[in-house]
Amino acid sequence: MSGFKSDFLRTLSERGFIHQVSDETGLDTLFQKEIVTGYIGFDPTASSLHAGSLIQIMMLHWLQQTGHRPIALMGGGTGMVGDPSFKDEARKLMTEETIAGNIESIKRCFSQYLTFGDGLRDAVMVNNADWLRGLNYLEFLRDVGQHFSVNRMLSFDSVKLRLDREQSLSFLEFNYMILQAYDFVELHKRYGVTFQMGGSDQWGNIINGIDLGHRMLDAQFYALTSPLLTTSSGAKMGKSATGAVWLNADLVSPYAFWQYWRNTEDADVERFLKLYTTLPLGEITRLAALGGSEINETKKILATEVTALLHGRNAAEEAAETARKTFEEGALAENLPSVEIPRDTLHAGMGVQALLVQAGLAASNGEARRHIQGGAVRINDEPVKDERAVVSADQLTGEGVIKLSLGRKKHILVRAV
RNA sequence: GGAGGAGUGCCCGAGUGGUUAAAGGGGACGGACUGUAAAUCCGUUGGCUUAGCCUACGUUGGUUCGAAUCCAACCUCCUCCA
């Protein structure tokens with residue numbers, strides 16, 4: 001399995017990125033012989049990608065690092081259709097404006113991982129709306145549709161799931177895989193792409209693209225998929241206490257992002273170091289060998305390294321320092337997330353429930369009340385027992401803030417402005 | 001177009017006239033234990049101006065003292081037939 005000779009495949013294999021490869025020896029040879037242009041598609045379904053997409057971004061990163069050329073394909077066109085693969089229900093259709101806005105917002109984080117430009121090995125970001133939007137239905141059916149067998153399409157697991165569950169699959173969604181296959185062909189024409197990567201749930205879609213390449217262009221395409229990642233206890237990657245772990249800093253702060261990785265399960269530490277950091281394998285082995293509570297030091301390195309890749313070294317170290325002060329010294333860390341409350345309001349006194357809601361620690365007064373009753377809320381580290389307690393300006397500490405905590409891990413600084 | 005079946009809270013899923021804000025499970029959150037881990041155990045899990053009130057079982061009406069439960073129409077999905 002890991003007898004790969006090319007840098008790229010060897011690296012991916014050693015670091016645990018590979019789930020399936022379409023033609024191992026053929027692809028390995030290709031990577032040794034020439035600069036390969038490969039791509040991964042991203043759905044602009046939200047204004048940011050989340051931690052679940054990080055593995056794909058890392059694959060593009062390694063592709064470039066080992067001397068090849070990555071393309072990040074934004075599914076601006078396919079996003080208008082919606083990928084039905086393994087989904088229970090039809091995805092809500094998005095408007096063009098939403099999609100365009102999302103793409104714009106997603107773009108930013110890629111530049112942290114890839115070097116864009118016009119050079120041979122420079123990364124490119126493209127939008128499949130560029131060629132999908134202008135398609136002529138009849139021509140498309142004749143040129144592309146004739147190569148697809150519905151019988152075969154129905155046999156793909158991604159589709160079968162929906163049918164077996166007796167859930168409807170609209171013709172619109174059914175076409176998604178055809179469009180995605182067509183992307184592969186189009187990218188080959190435009191950029192000489194011969195290689196596509198993706199999550200293992202994309203295997204069927206990608207294979208369709210390879211077949212279409214054969215039939216339309218008599219070209220040889222290759223595919224590689226990454227394993228579907230879950231934590232050791234089975235949770236999906238990218239979900240956390242507060243919801244999805246977004247990559248954009250305006251949705252999830254560098255500190256929160258750092259915390260997410262800091263709380264990695266023991267059993268996942270080595271795997272995550274390999275997948276999400278660029279630390280050398282030897283060092284990872286050494287770090288992962290630490291047992292018992294010493295592994296906490298390794299988790300901090302994991303958190304800092306992953307955060308540094310995304311948000312920069314400074315932001316990562318700042319997050320690490322904030323966490324250190326808060327959790328190891330029990331001190332008030334200046335850089336904790338904060339919420340601003342008008343000075344007048346605070347002087348007049350504000351109910352804890354309302355404050356919890358304002359701070360985003362509770363979704364409603366009712367939830368806030370339950371948290372108080374459950375003994376989870378503290379102000380300046382003093383437990384709050386009375387659900388009607390009032391917080392006022394005289395509780396501001398010397399630093400001019402009030403530390404509001406929910407549970408042992410969530411701390412918010414209340415600032416008077 | 002015809003015949004039959006289904007639509008419940010974040011998700012799955014019970015419930016066929018009243019003590020049902022709706023069993024059970026999952027997930028999530030909080031607590032205990034720990035190492036800011038896992039596992040385990042306990043608690044919480046519609047909203048509000050909370051001894052009360054409001055909203056909620058696809059939608060809209062109806063029957064009834066009283067409906068998630070009965071009736072009608074509509075919407076959506078599934079299966080078979082055309």
Side-chain angles (χ1 to χ4, degrees), chain A residues 84 86-93 159-174 230-245 255-273 287-288 290-304 306-307 319-331 333 336-337 350-354 356-357 359-378 381 383-388 390 403-412:
Chain A
F86 302 101
K87 301 286 190 318
D88 284 349
E89 291 174 5
R91 194 180 273 173
K92 282 209 181 70
L93 292 179
V159 172
K160 248 166 45 189
L161 176 93
R162 275 281 273 277
L163 299 178
D164 289 350
R165 287 204 182 182
E166 301 193 341
Q167 281 152 340
S168 90
L169 176 69
S170 68
F171 184 66
L172 174 83
E173 294 176 277
F174 190 55
T230 56
T231 66
S232 292
S233 42
K236 275 191 187 145
M237 282 298 295
K239 301 284 181 200
S240 82
T242 31
V245 181
Y255 167 76
F257 189 76
W258 191 94
Q259 278 296 319
Y260 173 74
W261 295 99
R262 170 61 184 85
N263 285 301
T264 296
E265 296 170 26
D266 287 9
D268 293 326
V269 170
E270 181 169 8
R271 200 157 53 103
F272 287 2
L273 279 168
L287 287 169
L290 297 174
S293 58
E294 284 187 326
I295 201 167
N296 283 327
E297 293 309 313
T298 304
K299 288 186 190 178
K300 289 177 202 166
I301 293 171
L302 170 68
T304 303
V306 180
T307 309
E321 177 59 12
T322 300
R324 193 188 63 78
K325 277 188 188 161
T326 306
F327 290 100
E328 292 175 29
E329 291 179 12
L336 280 173
M350 188 173 183
V352 209
Q353 294 180 28
L356 283 163
V357 173
L361 292 175
S364 66
N365 285 0
E367 190 180 317
R369 194 178 340 106
R370 276 180 240 119
H371 280 138
I372 296 168
Q373 285 165 352
V377 179
R378 275 161 297 139
D381 298 319
V384 175
K385 295 199 196 76
D386 180 6
E387 60 190 60
R388 287 165 199 263
V390 171
K403 184 178 174 191
L404 180 67
S405 310
L406 176 70
R408 285 171 309 151
K409 292 188 191 175
K410 294 177 196 156
H411 308 281
I412 303 263

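Residue numbers start from 1 in every chain, and the chains themselves are labelled A, B, ... in the order their sequence lines are given, proteins ahead of strands. These figures come from a predicted structure and were not determined experimentally.
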Subject >> Pairwise C1' distance for C57(B) and G15(B), with rounding to whole Å >> reply: 10 Å
**OP:** Report the residues that fulfil side-chain hydrogen bond (donor to acceptor under 3.5 Å, both in side chains) with N365(A), sequence neighbours left out, ordered by chain and then residue number.
**Re:** none
**OP:** Could you tell me whether the side chain of T304(A) and the main chain of I301(A) form a donor-acceptor pair under 3.5 Å?
**Re:** no
Subject >> Nucleotide nearest A323(A) when distance is taken to its side chain, options G30(B), U36(B), A37(B) >> reply: U36(B)
Subject >> Spacing of OG1 belonging to T322(A) relative to CD belonging to Q259(A), to within rounding of 0.5 Å >> reply: 9.5 Å
Subject >> Selection from G35(B), G30(B), U36(B) that lies nearest to any side-chain heavy atom of S293(A) >> reply: G35(B)
Original post:
With a 4.0 Å cut-off on heavy atoms, is T264(A) in touch with a base, just the backbone sugar-phosphate, or nothing at all?
Top reply: sugar-phosphate
**OP:** Could you measure between the two C1' atoms, the one in A21(B) and the one in U45(B), and give it in whole Å?
**Re:** 12 Å
Original post:
Which residue, N296(A) or R388(A), contacts RNA chain B at a nucleotide closer to its 5' end, judged by nearest heavy atom?
Top reply: N296(A)
Original post:
Of all residues at least two apart in sequence or in a different chain, which pass the salt bridge (Lys or Arg N to Asp or Glu O under 4.0 Å) check with R370(A)?
Top reply: none
**OP:** May I have the distance from L290(A) (atom CG) to A37(B) (atom C1'), rounded to whole angstrom?
**Re:** 14 Å
**OP:** Mind calculating the distance between CG (L336(A)) and P (U36(B)) to the nearest angstrom?
**Re:** 16 Å
Subject >> Partners meeting salt bridge (Lys or Arg N to Asp or Glu O under 4.0 Å) with D386(A) (sequence neighbours left out) >> reply: none
**OP:** List for me each residue that meets side-chain contact (heavy atoms from CB on, under 4.5 Å) alongside A288(A), sequence neighbours excluded, and say none if there are none.
**Re:** E270(A)
**OP:** Find which nucleotide of RNA chain B each of K299(A) and G374(A) is nearest to by heavy atoms, and output the residue with the more 5' nucleotide.
**Re:** G374(A)
**OP:** State the dot-bracket string of RNA chain B. Criteria: Watson-Crick or G-U wobble, both atom distances under 3.5 angstrom; notation: ( ) intrastrand, [ ] crossing earlier pairs, | interstrand, . unpaired.
**Re:** ((((((((.[[[..)..(.....]]]((((((.......))))))(((...)))...[[[[[..)....]]]]]))))))).
Original post:
Between K409(A) and A37(B), does any side-chain N or O lie under 4.0 Å from OP1 or OP2?
Top reply: yes
Original post:
Taking the six-membered ring for Trp, are the ring centroids of F327(A) and H411(A) within less than 6.0 Å of each other?
Top reply: yes
**OP:** Could you tell me which non-hydrogen atom of W258(A) sits nearest to which non-hydrogen atom of A319(A), and how far apart they are?
**Re:** CB-CB, 3.7 Å
**OP:** Write down the distance separating the C1' atoms in A14(B) and G31(B), rounded off to the nearest Å.
**Re:** 30 Å
Original post:
Whole-Å distance between G31(B) P and H371(A) NE2?
Top reply: 9 Å
Original post:
Over how many whole Å does the gap from D381(A) atom CG to U36(B) atom C1' extend?
Top reply: 15 Å
**OP:** Would you please name every residue forming a salt bridge (Lys or Arg N to Asp or Glu O under 4.0 Å) with R378(A), sequence neighbours left out?
**Re:** none
Original post:
Rounded to whole angstroms, how far apart are CZ on R262(A) and P on A38(B)?
Top reply: 11 Å
Subject >> Under the salt bridge (Lys or Arg N to Asp or Glu O under 4.0 Å) test, residues paired with E297(A) that sit two or more places apart >> reply: K300(A)
Original post:
With rounding to whole Å, what would you report as the distance between G66(B) and G13(B) at their P atoms?
Top reply: 33 Å
Atom pairs under 3.5 Å: protein N/O with N/O of nucleotides 42-48 of chain B:
residue : atom : partner : partner atom : Å
G47(B)  : OP1  : S364(A) : OG           : 2.7
G47(B)  : OP2  : R370(A) : NH2          : 2.4
C48(B)  : OP1  : N365(A) : N            : 3.0
C48(B)  : OP2  : G366(A) : N            : 2.8

**OP:** Take the protein atom CG of D266(A) and the nucleotide atom P of U36(B), then report the distance between them rounded to whole Å.
**Re:** 11 Å
Original post:
If we take the P atom in both G58(B) and U8(B), what is their distance in whole Å?
Top reply: 6 Å
**OP:** Sequence neighbours left out, what passes side-chain contact (heavy atoms from CB on, under 4.5 Å) with E321(A)? Give chain and number order.
**Re:** R324(A), K325(A)
Subject >> Whole-Å distance separating the OH atom of Y260(A) from the C1' atom of A37(B) >> reply: 14 Å
Subject >> P-based separation of G18(B) from A67(B) [nearest Å] >> reply: 11 Å
Original post:
Mind checking the P distance from G62(B) to A68(B)? Whole angstroms is fine.
Top reply: 15 Å
**OP:** With P as the reference atom in both, quote the distance from U49(B) to C54(B) in angstrom, rounded to an integer.
**Re:** 16 Å
Original post:
Taking atom C1' of U36(B) as reference, at what distance in whole Å does atom CD1 of I295(A) sit?
Top reply: 14 Å
**OP:** Please work out if Q373(A) contacts a base, only the sugar-phosphate, or nothing of the nucleic acid, heavy-atom cut-off 4.0 Å.
**Re:** nothing
